[in-house]
Amino acid sequence: MMLEREEAVRRQLIEWLGCPEDKCRVQRARRIWLEVAKEDFIKVVDFIANTLKFGMLCTITGLDAGEEIQMIYHFARDDGIVLNVKQSAPKSDPVFETVTGHYQGATLYEIETMNLLGTSVKGIPDDIRYPLPDGWPEGQHPLRKDWNREVPEIKGEGEC
Amino acid sequence: MVFKKLINWARIKSPWIIHFNTGACNACDIEILATLAPRFDLERFGVLLKGSPRHADVLVCSGPVTLQTKDRLIRVYEQMAEPKFVVAVGTCACSGGVFNGCYGVKGGIDSVIPVSAYIPGCPARPEAIIDGIVKLLKSLKQ
Amino acid sequence: MVMTIFYILVFPGFLFLSAYGLAVEFVDRKLYARFQNRKGPPWFQPFADFVKLISKETIIPAEADRRMFKSLPVFAMTAVLTASLYIPVWSTQSLFPFEGDVIVILYLLTIPTLTFFLGGWHSSSLYSTLGSVRVLTQLFAYEVPLLMAILGPALLAGTWSLSGVSAFYAANPIYALVNIPGFVAAMIAAQGKLERVPFDIPEAETEIVAGAFTEYGGRLLALFRMTIDIEMVVVAALVSAIFIPLFSANPWLGFLFFVIKTLFVVFLLALFRSVMARLRIEQMVRFCWRVLTPLALVQILIDLIVKGFVQL
Amino acid sequence: MGKVVIPIGPQHPALKEPENFVITLDGEKVVAAAVNLGYNHRGIEKACEQRTYLQDIYLIERICGICSHAHSTAFIQAAEEIAEVEIPRRAAFIRTLIGELERIHSHFLWLGVAGHEVGFDTLFMYSWRDRELVLDLVAKLTGNRVNYGINTLGGVRRDISPEEAAEIRKVIGALEERTKYYLGIASEETTLISRFLNVGRLSKEDALRLGATGPVARAADIKRDVRKDDPYAAYGEIPFDVITDTHADVLGRTLVRVKELMECYKIIRYILDNMPEGLISVRFPRRVPEGEAFSRYEAPRGEDVHYVKSNGMDKPERVKVRAPTMANAASVAHMLSGGYLADVPIVIAAIDPCFSCTDRTIRVRDIFRGSDSVLDWPALRDYSIRWYRENGLDFSGIKLFGREIG
Amino acid sequence: MKTGKMLPLALKGLFTKPATISYPYQKVVVPSDFRGKLVFDPSKCVGCMLCVRDCPSGAIEIIKVGEKKYKAVVHLDKCIYCGQCCDSCVRQALRTSPEFELAVYDRKDLTVDI
Ligand code: SF4
Ligand code: SF4
Ligand code: SF4
Ligand code: SF4
Ligand code: SF4
Ligand code: SF4
Ligand code: SF4
Ligand code: SF4
């Protein structure tokens, strides 16, 4: 299969970042995966948004990878290429930078990882209760692997 | 006596419903709406869909009760005037269905408010909903 | 005296109007359903709804003004019933005609609208409040064209009594032809008066639930609904008495004509509401002032000119 | 009348689902709008990790009943990519076919709801009457009216017989006639146009900035369609046009949807004419090898994306869903402000929101903490101004209490 | 632009038969492979429990009632009528039937032996 466009994007990324080859791979047509260090992340996003012109952030996946919390940002371009960028932070201190500076729609996705995985994203207030119901106990993050699935009894505010 | 009969008759012939989605997947909701569309036309049985709980006699619920809708469901139920009935449409509303065990789900409608009729199905076909409502009305006869 | 009480309570008063109102509601709903290619409700539906509502528990919101809340529906009902006394039913003559009763009918007909406003206002619920503001805004928009559309034919007839107007057109049916623009304007304004699509803005359920009626339930709602039904009869009768010159000296035949005429008006009303989308309040007001009022003015002008010719 | 804050929902006639829009009014004008979601949050993503891939199909299908096929296909595509299972071409064609039938039913449904929201119930009745034809067809092909359950890992569960194919053609023909009629209604009926034109505007720039997808984006003249950009199933070989419109308002969204219906018929005819012979499914391993995949699907309302990560077991390690409505939710608040209360339902409806999917994750509500106490106008205003400014929505042109919001 | 575009269609409604079906007075015919209530053939079942394992909502139970004899209990209030159990059953002991009118007043009545 011809993967010229994908390879071109990959080369550009590797050269600009100066990262090892295996950090960026082309999975198949239109799917590129990239792993970056947390420190470089915002710089990379800037490059992706402004130079590579990925216009849309499809979503952000947060996941519990054992010792670390991993965030995967799925950027899409109008020619169909999806660039998935990963960054991780230790579970003990899962702090990430916000990408709302480049992609406005990201707020919701970031808040979602904050609630469901207990991350914290700089620049987004961390007291926002989101998609979890009102009255959900603090510190309970259902998507963490060690969270048991007993539903805590919730007393709602009862307001309409 | 005659009066009582008349009132009972009127109740059976004029069940106004209010629809409340307690976290359904939409399929049951559109099937409920489809019963109002020309093919099934629930108005044949005097059913009108009302927006205000004050006007309605039958609360038609679809979906598993999520933690977030639980209090609203109770509130809407309380706002309705007596006599009132609750119909659980769809497997989710009956028991929580496929969502049983999800952390955001409380369970079926009857885990929160009393239910007068259960209509299983995923989604319940419009005919099944009509069947359920007609069965409910029949049970009011005595 | 007995006869008067019979007139007021039974025919063509309270009982007859209630029954006929329910029948008209049925016709309206059935036609609406048929226009939408569905079967529609059975014939007893409005009656069953009424009985059921009467027998239901009535909840009065804690924040609402109890006395107002309860008395308004009764007040509205009384007003439309009173208005009906000046409407001819089986001939060109109404029960208690007097010079100027056209104006009185129109005023009596605004009373229900005002009670809807007050009722909504006193429910102290957001949707009701919003609904009542819309009721009032809309009232100012359609009342003028409605009044003017009726004014024209009355000018031509040279009397301010509905019975007189009817009698005039019964005698000279040909003149009714010049009143067609007025008929159109009156029909459209009536749509607003009865709060139906495209002018059902005050109770637009997708926006403000049930508008002014949101908090009403049980018996009080039953009264309001009945009021609206009777109002529909009265408006249909008023419009048909003025614009449709179909009368008979024979009371039976006259009554039959009355039924035919009102049902025809109801048919038109149902048709209107099934082929249009609801306008926004500001579009409605604009429409009333820019289109409807000029139309009614044209009607008055035509009537004045015709009158001039007749007198020459 | 002063400023009023009215909650639309969670139980409100305009919404078929429990959501809460907090609309701040000055008379009839909307000065601020906030979206509170979260009523439908069930916890599906977590549940997916606790069930097998096979069970997940049915769970994911029930994220939403209207684009059930979209969700299950997107999920299965991801799983198949990880397991390196290639489905037979015939299966891909059947998936595409059902997907397009779903789009037809969904667009008809939308047209009816749009009519209903502006009080045009006759339109609702007729389009829902015609929609039944599609549902009958789908029930015949798949065994259920909604939540078809046709997809399975490695292919599809039911084949399409020649008689069924003939029946599809017949129904498509009838629907095409109806669609032309509705196109006439949507572009000519005065009262409808007066409610749709220039209502809920979302310019091309705003749509790009807020990441709108689907008909919302296409109505703003953005040629964005996953079926073309990132073809999946059989779309790579099917010729069709991406419909766009320049109105960028509710009318534009209506026209895009109705015209898309015509494309659906074209696609379905192509599928029936070119349906390859062969198997409809292949074996799929119970344990999926380690890996991850990201899959996109053009649902009737826009792009639906799924991310699946496998750890080599029979249950996925992580499933992430981002449904179309969530991508468009950010646009709604923007479209509402400055409009009329009467337009709120149609504007909301115009993105065709169905939050059961979106709620997986969103809840904007507490961003507007102040709005919880319903009549606390100043607090709401402060919060909303702050929020909007933080999010780059410019409200400075709107006057409040006779003053401009600085 | 035209007002009352739907007028002809609406008027036609007066003279055409309504699209309304007369259910429940007249039964509807659903496709024969419509996925409704399950049916079970005990003579085919070997008790392998594949159906139980694959059911997405835990709606089916296979209970041993004797040597090589099994009965199936289905919770109609949990079943999502997906038919996966029928696909999973290598013996074709389970099938879906087009029966869909399952409404009851008491939830207990929804747990049935099939
Ligand atoms: S007060 Fe109750 S009925 Fe009204 S919107 Fe809130 S939940 Fe719904
Ligand atoms: S019963 Fe099925 S169709 Fe109905 S809401 Fe639940 S999952 Fe959806
Ligand atoms: S109550 Fe009104 S808005 Fe709601 S579904 Fe019924 S008809 Fe539509
Ligand atoms: S947008 Fe979401 S809720 Fe709406 S139909 Fe699609 S999947 Fe369902
Ligand atoms: S957010 Fe949606 S998909 Fe996720 S668990 Fe909740 S309902 Fe399910
Ligand atoms: S055939 Fe089925 S039941 Fe038998 S051993 Fe294999 S998996 Fe188990
Ligand atoms: S049909 Fe589906 S939900 Fe019902 S028992 Fe079978 S597998 Fe379980
Ligand atoms: S899969 Fe079939 S044979 Fe096995 S237990 Fe279930 S019904 Fe019996």
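Chain naming here is simple, since letters A, B, ... match the order of the sequence lines and numbering starts at 1 in each.
Using a 4.5 Å cut-off between heavy atoms, B:Arg39 touches chain E through backbone and side chain atoms alike. Using a 4.5 Å cut-off between heavy atoms, E:Asp109 does not touch chain B at all. Within the 4.5 angstrom heavy-atom criterion, no atom of B:Phe99 approaches chain E. With a 4.5 angstrom heavy-atom cutoff, B:Val134 touches chain E only via side-chain atoms.
No more than 12 heavy atoms of other residues, nucleotides or ligands lie within 6.0 Å of NZ in E:Lys108, so this atom counts as exposed by the packing criterion.
Identified under the salt bridge (charged side-chain N to carboxylate O under 4.0 Å, His left out) test for residues 58-74 of chain E, with sequence neighbours left out: E:Lys71-E:Asp113. Counting only residues at least two apart or on different chains, the salt bridge (charged side-chain N to carboxylate O under 4.0 Å, His left out) pairs with a member in residues 108-121 of chain B are B:Asp110-E:Arg107.
Note that CD1 of B:Ile119 and CD of E:Glu101 are 11.0 Å apart. Values are rounded to the nearest 0.5 Å. Expressed to the nearest 0.5 Å, how far NZ of B:Lys135 lies from CG of E:Leu102 amounts to 7.5 Å.
Contact residues of residues 73-92 of chain E toward chain B are E:Leu76, E:Asp77, E:Lys78, E:Cys79, E:Ile80, E:Tyr81 (heavy-atom distance under 4.5 Å). Close approach to chain E, defined as a heavy atom under 4.5 Å from one of its heavy atoms, is seen in B:Thr91, B:Cys94, B:Ser95 of residues 86-96 of chain B, taken by number.
Counting heavy-atom pairs closer than 4.5 Å to chain E, the top-ranked of the candidates B:Gly121, B:Gly97, B:Gly132 is B:Gly121.
B:Ser116 is not listed as a side-chain neighbour of E:Tyr105, based on a closest heavy-atom distance of 4.5 Å or more.
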